[in-house]
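Note that this is a predicted model, so its numbers are computed, not measured.
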Amino acid sequence: TPDYRAILADPRIDAVCIAAPTKYHYQFSKEALAAGKHVLCEKPLAMTWAECMDLKAASEKAGKSLMVGHVFVFNAGIRWVREYIAAGELGRIYYAHSERTNLGPFRYDVNALWDLAPHDIAIFDHLLGEAAVSTSARGLKCLGNKLEDLAFATLDYPGGKLANIHVSWADPRKVRQLTIVGEKKMIVWDDLDTLGAVRVYDKSVERTSKYYESYGEFQLLSREGSITIPKINLAEPLKAQGQYFIDCIKAGRHPDLADADKGAQVVRTLTAVQRSMDEGGNLVRI
């Protein structure tokens, strides 16, 4: 049907997926919940934190599931990395950085930050188990559009952890990569690597013994170990996300992995990053 309201009016339909342009996410989700439908909304959930909270309240009032399409929390590689971090294998996390670039595809309703960075913010929040507390960011309008097609953002997480995000529509290579550096080991996740999406580097930096401490060049030594490609059973993330949504509906279970609170936190972070970009890179509390 060319009219989405016909879907909302159909009593045979229990649930809908909102895959419209970002500016319609709030409106369509609100109408769908009011019509008694369960909602899976593509990222970002809305354009403001207040709109996200309003959708959460609407879903609770209707007694319906509301889930955000943070598809990478259903990616098999990301799920493996999260379990590896939770097991303490990396030790203390120092920093992480992500790169999500390509030459296009171009959007005209939101900039590259709002188009691409929701994925990386959701991944960082998921892996670290907490949200960023402040940010500093810069963006550029390289291609002459009114919206930024390039952004660099640094997120400060509790405990002194840093995460850097690079998103761009104006890059010669398609890259979907994440690096996490810990005190014991390091991990690289590359979504486009056909040989294995995850590589574990058994590398770290150690201080030398007291015998060398008076010589600056010997105070730190790199410990070189093996590189491991773990066997991860691959699954289609979109299918896993859809199945999780359906399972939550059938079981009457809250969609904890990508609920309205997590969607709202990502939007809150995006809003702070955008403000920092608008202010030329000023540090902004989230």
**Asked** Around atom CZ of Arg107, are there more than 12 heavy atoms of other residues, nucleotides or ligands at under 6.0 Å?
**Response** yes

**Asked** Can you check whether Ser65's main-chain N or O pairs, donor with acceptor, with His38's side chain at less than 3.5 Å?
**Response** yes

**Prompt:** Got a donor-acceptor contact below 3.5 angstrom from the Glu183 side chain to the Arg92 backbone?
**Reply:** yes

**Prompt:** Can you tell me if OH on Tyr95 sees more than 12 non-hydrogen neighbours from other groups inside 6.0 Å?
**Reply:** no

**Considering all heavy atoms, the nearest Trp114-Ala46 contact** = CZ3-O, 4.0 Å

**Asked** Is Arg100 positioned over the aromatic face of Phe72, cation under 6.0 angstrom from the ring centre and no more than 45 degrees off axis?
**Response** yes

**Request:** Take atom CH2 of Trp49 as the centre, draw a 6.0 Å sphere, and report whether it contains more than 12 heavy atoms from other residues, nucleotides or ligands.
**Result:** no

**Prompt:** Between Ser168 (side chain) and Ala170 (backbone), is there a donor-acceptor pair under 3.5 Å?
**Reply:** yes

**Donor-acceptor under 3.5 Å (Asn145 side chain, Leu147 main chain)** = no

**Request:** Would you confirm whether His25, through its side chain, and Glu42, through its main-chain N or O, come within 3.5 Å as a donor-acceptor pair?
**Result:** yes

**Message:** Please say yes or no: joined through hydrophobic side-chain contacts below 4.5 Å, possibly via intermediate residues, are Leu178 and Val188 part of one cluster?
**Reply:** no

**Prompt:** Would Ile249 and Asp14 count as a side-chain contact (heavy atoms from CB on, under 4.5 Å) if you check the C-alpha gap in whole Å, the side-chain angles of each, and the deciding distance to 0.1 Å?
**Reply:** CA-CA 9 Å; Ile249 292 172; Asp14 301 306; 5.8 Å; no

**Nearest heavy atoms of Leu40 and Gly69, plus distance in Å** = CD1-N, 4.0 Å

**Validation row: Glu99, Val167 side chains within 4.5 angstrom (heavy atoms)** = no

**Asked** Does Ser134 use its side chain to pair, donor to acceptor, with the backbone of Val284 at less than 3.5 Å?
**Response** no

**Request:** For the pair Arg176 (side chain) and Thr101 (backbone), establish whether a donor and an acceptor sit closer than 3.5 Å, ignoring hydrogens and angles.
**Result:** yes

**Request:** Please assess Leu270 against Leu113 for the test side-chain contact (heavy atoms from CB on, under 4.5 Å), listing each intermediate value before the final yes or no.
**Result:** CA-CA 8 Å; Leu270 284 167; Leu113 171 72; 4.0 Å; yes

**Prompt:** OH of Tyr94: more than 12 outside heavy atoms within 6.0 angstrom?
**Reply:** yes

**Asked** Is Trp189 reachable from Tyr157 through a run of hydrophobic residues whose side-chain heavy atoms are each under 4.5 Å from the next?
**Response** yes

**Item:** Note, Val81 side chain near Ile123 side chain (heavy atom, < 4.5 Å)
**Value:** no

**Request:** Apply side-chain contact (heavy atoms from CB on, under 4.5 Å) to Arg199 and Ile229, showing your working.
**Result:** CA-CA 5 Å; Arg199 280 173 166 74; Ile229 303 178; 3.4 Å; yes

**side-chain contact (heavy atoms from CB on, under 4.5 Å) between Leu257 and His126, intermediate numbers included** = CA-CA 8 Å; Leu257 285 177; His126 184 63; 4.0 Å; yes

**Request:** Using distance alone, with no hydrogens and no angle criterion, decide if Trp169 and Asp115 have a side-chain donor and acceptor under 3.5 Å apart.
**Result:** yes

**Asked** Is Arg253 atom CZ crowded by more than 12 heavy atoms from other residues, nucleotides or ligands, each under 6.0 Å away?
**Response** yes

**Item:** Between Tyr26 and Asp54, a side-chain donor and acceptor under 3.5 Å
**Value:** yes

**Request:** Identify whether Ile165 and Val110 are in the same connected component of the hydrophobic contact network (ILVMFWY, side-chain heavy atoms under 4.5 Å).
**Result:** yes

**Message:** When you measure from the side chain of Thr135 to the backbone of Leu155, do you find a donor-acceptor pair of N or O atoms at a distance under 3.5 Å?
**Reply:** no

**Message:** So, taking the atom named NE2 in His254 and the one named SG in Cys248, what distance separates them when rounded to the nearest 0.5 Å?
**Reply:** 8.5 Å

**Asked** So how far is it from Leu140 CG to Asp149 CG, rounded to the nearest 0.5 Å?
**Response** 8.0 Å

**Pairwise distance CZ(Phe124) to NE2(His119) - rounded to 0.5 angstrom** = 13.5 Å

**Asked** Atom CG of Leu55 and atom OG of Ser29: how far apart are they, to the nearest 0.5 Å?
**Response** 5.5 Å

**Item:** Closest non-hydrogen atom pair, Gly281 against Ser136
**Value:** O-OG, 2.6 Å

**Prompt:** Any donor and acceptor pair, going by atom type alone, linking the side chain of Thr269 with main-chain N or O of Gln265 inside 3.5 Å?
**Reply:** yes

**Request:** Any chance you could measure Lys43, atom NZ, to His70, atom NE2, to the nearest 0.5 Å?
**Result:** 8.5 Å

**Item:** Rounded distance (nearest 0.5 Å) linking atom NZ of Lys262 with atom CG of Asp256
**Value:** 6.0 Å

**Request:** Tell me whether Ile286 is reachable from Met277 by hopping between hydrophobic residues (I, L, V, M, F, W, Y) whose side-chain heavy atoms are closer than 4.5 Å.
**Result:** no

**Prompt:** Same cluster or not: are Tyr244 and Val71 linked, directly or through other Ile, Leu, Val, Met, Phe, Trp or Tyr residues, by side-chain heavy atoms under 4.5 angstrom apart?
**Reply:** no

**Request:** Scan side-chain atoms only and decide if Gln274 and Asp278 contain a donor-acceptor pair under the 3.5 Å cut-off.
**Result:** yes

